[in-house]
Amino acid sequence: MVKLVIVIALVALAYSCEARQFSRCELVRELRRQGFPNAQLRNWVCLIEVESNRITNRVSRVNSDGSRNYGLFQISDRYWCNNGPTPGKDCNVRCSDLLTSDIRSASVCAKRIYNRHGFRAWNGWRNRCQRDLPNISSC
Ligand SMILES: *[C@@H]1O[C@H](CO)[C@@H](O)[C@H](O)[C@H]1NC(C)=O
């Protein structure tokens, strides 16, 4: 019984370490580190705030077509990540790799989506980021 409790505690701890909610300025710093162009930063911050509220392990509910969206950038398993044990789809990643506090894989995949479709690929950006963008000048 004690062993079981310890195992559960460790699993919970591992999960909490993986998950992360960035503050706005932490996010800005992290996006710079991942090489997102300065001129795009306010758009990416808006997109991420609308899509995931800056929470790395956010998983959407099931969409009408049976797909789900994963992580900071809410990337779809319909086209971009494989919802299974092996990497796959167009970003050649597992969807679970898009949920970690280390946002490298998610950033590479988001840039690939952007390069193919622009910000219009994201409904959240289309609906909420075309007029007002967040002010990140104090970050
Ligand atoms: C953005 O924030 C800075 C610092 O808080 C402020 O000086 C500036 O006026 C703001 N810009 C806009 C467009 O609101």
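When a ligand or atom number is given, it counts from 1 through the structure's own listing order. Numbers here simply count residues along the sequence, with the first being 1. Quantities reported herein were computed from a predicted structural model and do not represent experimental measurements. For the numbers below, each heavy atom of this structure counts, side chains included, while hydrogens, waters and symmetry mates do not.
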Response to the item:
For atom 4 (C) of ligand 1, the closest protein heavy atom turns out to be S137 OG, 3.8 Å
Item to complete: Tell me which protein heavy atom sits closest to atom 5 (O) of ligand 1, plus the residue, atom name and distance to 0.1 Å.
Response: S138 CB, 4.3 Å
Worksheet item: Which residue pairs satisfy the salt bridge (Lys or Arg N to Asp or Glu O under 4.0 Å) criterion with at least one member in residues 108-132, sequence neighbours excluded?
Response: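 For residues 108-132, and leaving out neighbouring residues, the salt bridge (Lys or Arg N to Asp or Glu O under 4.0 Å) pairs sorted by first residue read D90-R116.
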Discussion item. Out of the candidates V59, N83, I75, only one should pair with C95 under the side chain to side chain contact (heavy atoms under 4.5 Å, CB included) rule; please name it.
Written reply: N83
Practice prompt. Apply salt bridge (charged side-chain N to carboxylate O under 4.0 Å, His left out) to R104 and list each qualifying residue two or more places apart in sequence or on a separate chain.
Written response: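 If we apply the salt bridge (charged side-chain N to carboxylate O under 4.0 Å, His left out) test to R104, skipping adjacent residues, the hits are D102.
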Worksheet item: Should I48 and L31 count as side-chain neighbours, where that means a heavy-atom distance under 4.5 Å?
Response: yes
Discussion item. Any protein heavy atom at under 4.0 Å, with atom 2 (O) of ligand 1 as the reference point?
Written reply: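 Yes.
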Worksheet item: Does atom 7 (O) of ligand 1 have a protein heavy-atom neighbour under 4.0 Å away?
Response: no
Fill in: Distance filter under 4.0 Å to N135 heavy atoms, resulting ligand 1 atoms
1 (C), 2 (O), 3 (C), 8 (C), 10 (C), 11 (N), 12 (C), 14 (O)
Fill in: Salt-bridge criterion met for R20 and E26 (N-O under 4.0 Å)
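E26 and R20: salt-bridged.
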